[in-house]
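Comments concern the structure below.
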Amino acid sequence: MQAAPTHLRAYPRFRPELKAAPFLPMSRREMDKLGWDSCDIILITGDAYIDHPSFGMALVGRLLEAQGFRVGIISQPDWQSAQPFRALGKPNLYFGVTAGNMDSMINRYTADRKPRSEDAYTPHGAPNKRPDRTLTVYAHRAREAFPGVPIVIGSIEASLRRIAHYDYWSDTVRRSVLLDSKADILLYGNSERALLALSHRLAQGESIKAIRDLRGTAFVVPGGWQPAADWREVDSTQVDTPGKVEPHPDPYEMKEKEPQVCGTAPATAQPVRLISRAERLAQQAEIRQRSVVRLPSFETVKQDEVAYAHASRVFHLESNPGNARTLVQAHGERDIWLNPPPIPLAMDEMDHVYDLPYARAPHPSYGDAKIPAWDMIRFSVNIMRGCFGGCTFCSITEHEGRIIQSRSEPSILREIELIRDKTKGFTGTISDLGGPTANMYRLGCKDKTIEESCRRLSCVYPTICSNLNTDHGKLVQLYRRARAIKGVKKILIGSGLRYDLAVRSPEYVKELATHHVGGLLKIAPEHSEDGPLSKMMKPGMGSYYQFKELFDKYSKEAGKEQYLIPYFIAAHPGTTDEDMVNLALWLKQNDFRLDQVQSFLPTPLAMATAMYHTRKNPLRKIARDSETVETPRTAKIRRFHKALLRYHDPANWEILREGLRRMGRADLVGNGPQHLVPRSDTAALMQRRTVSKQTPPLKTLAKRFGQKTVRPGAAIQRKRSS
């Protein structure tokens, strides 16, 4: 494994004379204008090509271009034949294949497994412009187009499917996407380091089959392969023992053990040498660097749900770049070798990535076509990556990791000025200044040594770690300097806010409420009940009430009418019918009538997905007799749970009446203020005409404040995936 990361700007340019293109070429005609006879690297993506750092292929393409590589883009090719994959000719080095900014199955299907009517990453939002399991299909077509050209796969679809994983859409455990796609190597997470190292080594003539030492990569090898003779294999049950294990006596041991007399030392006793803590840690690190943890095989986890839950737990325990070991998992006679996660980028490296010469617009070939994802992101700025919250239903852990990577303040301010000067339609409002979360900018562990040795799954659950820096001062300073830029009238915060952190900094809440909320602020308690919250690794409602008190106070002081818009998840593992009824009653008590709600969608490799599939809790050690996680799985129960979040919608009343009576809660069916749903639709409609004092529906509030009511799941996932 690489001893230390190479700085992104330390490589010599492959083609020193190469200049930045206005847009990376998508046709031979564009290549001719640039004077290219071939591309060094061709990137194939399931998204429309938008030359902006929030879109993965643009970021990767511009980074490779800055290294002196000729990069072409094939966007949303017709996958019915190999011919569209020959559009730019044969690449000199490799095809880089991605499904796009989202996993293709999440992009194409709802939590109810129904096809989505819109693809936000396609011109005009047109659906069906990419196949199911896009990564695999594109890789096969690229191989068919030019046999022998290396295939490199990456992006969030690759990250979430790099080992055996439960697939919600087929309701089965599928093998690693490496085997399905027949790719040569997989890059997972934010893969700039691995990408540049791989590209330069291939350019120097090294075989892709020989490149086995890059962090953040996975590849297929024959069973039992190891990089060197001094590597040590550790069974995953030694890392995290699944339940109590009783030692078995060796029936072949003939030698009797000699009794020891109290107070005497064995005859073979040697002097004990005391070593320093630093020396001990160095020795442990050396051993870990040459250790590989063997997970239960694909065949085992496919058949044994307890083994799957155990593998999920070990996988997440080995996710800190500072101490993670290599993982290996057998698939038949072959092994999937998974190197440790990439070392996070330093601040100046993050600046380099975001300061590249992006055109900051969709490719001209799309004309005036509306691309919903571009409309959502074009006036926003990504200031950081990663999330240390560890929410079990979220894919950030598996993709970006828990360590926050932040840009410098000057880099962020430069991008705001670029939006002002270059982005068509800018009227003075920055729609978001955030990332996976709104308020983790420049937060992290107070001690680098502690951070590198930590194996906690969350820095903020069950309580905020005492070693975590929660000072929002740098973010407050950024907000103030950003809104002082000439031409900027308003800066809104649209990313998900971690309110349990925000209450640690009342100054931040005041700054937010006074200057950066456009009437509505979305936050995500996700539930009101401790049962599901404990399975989500989310804080209790106490933090919500603390934040609401501060938010209301500072909004009033600023003379502003502003509302918190809470979002919730239905049917999450650990949720009972009673939990959902209590949440619905909480919503009614607080006069919330939600317009858009979300059912839990099991994404590959997430810990909540392991709970959904196995009914075991990988947040704790796994045993066959350990806690059973209550898991809403049937379509009927999932519909009932979702309907409870919209108890006020007449379309849900029949489902709710039937469900409440089934669970013995007919006391909540009636026409009084204490009831959740009416006895009949007619009586309820008459009653609704007399109700005038409730908080307006979110749709009404949104219209009043000129905002859209959008569930942050899709929006944040799109941003997180970039």
Candidate pair D579 and H641, rule side chain to side chain donor-acceptor pair (under 3.5 Å), full reasoning: CA-CA 9 Å; D579 288 331; H641 282 203; over 6 Å; no

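- Taking CG of L457 as the start and SG of C391 as the end, the distance is 12.0 Å to the nearest 0.5 Å.
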Worked check of side chain to side chain donor-acceptor pair (under 3.5 Å) between S104 and E157: CA-CA 7 Å; S104 60; E157 183 160 321; 2.8 Å; yes

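- Between Q596 and Y567 the shortest side-chain heavy-atom distance does not fall below 4.5 Å.
- Taking P84 as the reference, P77, D78, S81 meet the side chain to side chain contact (heavy atoms under 4.5 Å, CB included) condition, with sequence neighbours excluded.
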Salt bridge (charged side-chain N to carboxylate O under 4.0 Å, His left out) evaluation trace for D649 with R593: CA-CA 9 Å; D649 186 348; R593 287 179 281 163; over 6 Å; no

Pair R143-V149, side-chain contact (heavy atoms from CB on, under 4.5 Å): steps then yes or no: CA-CA 7 Å; R143 183 79 76 195; V149 172; 5.9 Å; no

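- For an aromatic pair to be called close, the ring centres must be under 6.0 Å apart, and F85 with F146 fails this.
- Cation-pi geometry between R662 and F640 is satisfied (NZ or CZ under 6.0 Å from the ring centre, within 45° of the ring normal).
- Residues L179 and V220 form a side-chain contact, since some pair of their non-hydrogen atoms from C-beta on lies under 4.5 Å apart.
- Scanning both residues, R498 and G389, for their nearest heavy atoms gives NH1-CA, 3.8 Å.
- The two residues L605 and S159 have their closest heavy-atom pair at CD1-O, 3.6 Å.
- For an aromatic pair to be called close, the ring centres must be under 6.0 Å apart, and W374 with Y49 fails this.
- Rounded to the nearest 0.5 Å, atoms CG (D119) and CZ (R130) are 4.0 Å apart.
- Taken to the nearest 0.5 Å, the OG1 atom of T437 stands 8.5 Å off from the CG atom of L497.
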Verdict with supporting geometry, Q76 and T122, side chain to side chain donor-acceptor pair (under 3.5 Å): CA-CA 8 Å; Q76 298 188 319; T122 300; 2.8 Å; yes

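- Q329 places a side-chain N or O within 3.5 Å of a backbone atom of P296 that can act as its donor or acceptor partner.
- A donor-acceptor contact under 3.5 angstrom links the side chains of S495 and D432, judged on distance only.
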side-chain contact (heavy atoms from CB on, under 4.5 Å) between C387 and R402, worked out: CA-CA 5 Å; C387 177; R402 297 185 180 90; over 6 Å; no

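- Look at K636 and E658 and you find a salt bridge, because one of the NZ, NE, NH1 or NH2 atoms lies within 4.0 Å of a carboxylate O, short of that distance.
- Between K302 and E299 there is no salt bridge, since no side-chain N of the basic residue sits under 4.0 Å from a carboxylate O of the acidic one.
- Between the side chains of D180 and T136, no donor-acceptor pair of N or O atoms lies under 3.5 Å.
- Distance check: Y308 OH to H613 NE2 gives 6.5 Å after rounding to the nearest 0.5 Å.
- With contacts defined as side-chain heavy-atom distances shorter than 4.5 Å, the pair R360/P53 qualifies.
- Side-chain contact between D335 and F219 is absent, with no heavy-atom pair separated by less than 4.5 Å.
- Look at D132 and R108 and you find a salt bridge, because one of the NZ, NE, NH1 or NH2 atoms lies within 4.0 Å of a carboxylate O, short of that distance.
- Between D112 and R639 there is no salt bridge, since no side-chain N of the basic residue sits under 4.0 Å from a carboxylate O of the acidic one.
- F388 meets the ring-ring contact (aromatic ring centres under 6.0 Å, His included) test with no other residue; sequence neighbours excluded.
- For the residue pair Y94/D184, the side-chain donor-acceptor check at 3.5 Å is not satisfied.
- By the 6.0 Å contact criterion, CZ on R174 is enclosed, its count of non-hydrogen atoms from other residues, nucleotides or ligands being greater than 12.
- The two residues M384 and I404 have their closest heavy-atom pair at CE-CD1, 3.7 Å.
- T392 and L619 get closest at one heavy-atom pair: CG2-CD2, 4.0 Å.
- Listed for the H363 side chain is no donor-acceptor partner under 3.5 Å among the backbone atoms of I50.
- Residues forming a side chain to side chain contact (heavy atoms under 4.5 Å, CB included) with E144 (at least two apart in sequence, or on another chain): A82, R141.
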N339 vs T217, side chain to side chain donor-acceptor pair (under 3.5 Å): CA-CA, chis, key distance, verdict: CA-CA 6 Å; N339 284 335; T217 64; 3.2 Å; yes

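- Residue C394 comes nearest to E398 through the heavy atom pair O-OE1, 3.2 Å, listed as atom of the first residue, atom of the second, then distance.
- Judged by the 6.0 Å distance and 45° axis criteria, R113 is positioned over the aromatic ring of Y168.
- Between Y612 and Y166, the ring planes are tilted. Angles from 30° to 60° get that label.
- To the nearest 0.5 Å, atoms CG (N101) and CG (L59) are separated by 10.0 Å.
- Applying the salt bridge (charged side-chain N to carboxylate O under 4.0 Å, His left out) test to every pair with at least one member in residues 527-536, sequence neighbours left out, gives these pairs: K535-E627.
- Separation of the H527 and F568 ring centroids does not fall under the 6.0 Å cut-off.
- Within the 4.5 Å cutoff, the side chain of I74 has no heavy atoms near those of the L43 side chain.
- Not counting sequence neighbours, the partners of T98 by the side-chain hydrogen bond (donor to acceptor under 3.5 Å, both in side chains) test are S155.
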Full working for side-chain contact (heavy atoms from CB on, under 4.5 Å) between M580 and L645: CA-CA 8 Å; M580 287 305 302; L645 292 181; 3.9 Å; yes

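- Judged by the 6.0 Å distance and 45° axis criteria, R162 is positioned over the aromatic ring of Y188.
- Closest heavy-atom contact between A164 and V173: CB-CG1, 4.3 Å.
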S365/M26 under side-chain contact (heavy atoms from CB on, under 4.5 Å): CA gap, chis, key distance, verdict: CA-CA 9 Å; S365 63; M26 292 215 300; 3.4 Å; yes

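- Of the possible donor and acceptor atoms, none in the side chain of H572 sits under 3.5 Å from a partner among the backbone N and O of A570.
- I153 has its side chain out of reach of L187: every pair of non-hydrogen atoms, C-beta onward, lies at least 4.5 Å apart.
- Looking only at side-chain heavy atoms (C-beta outward), L135 and D103 stay at 4.5 Å or farther from each other.
- Screening residues 602-616 for salt bridge (charged side-chain N to carboxylate O under 4.0 Å, His left out) gives no qualifying pairs among residues at least two apart or on separate chains.
- The distance from the CD1 atom of I336 to the OG atom of S297 is 12.0 Å, given to the nearest 0.5 Å.
- Side chains of I523 and I565 form no contact here, defined as non-hydrogen atoms less than 4.5 Å apart.
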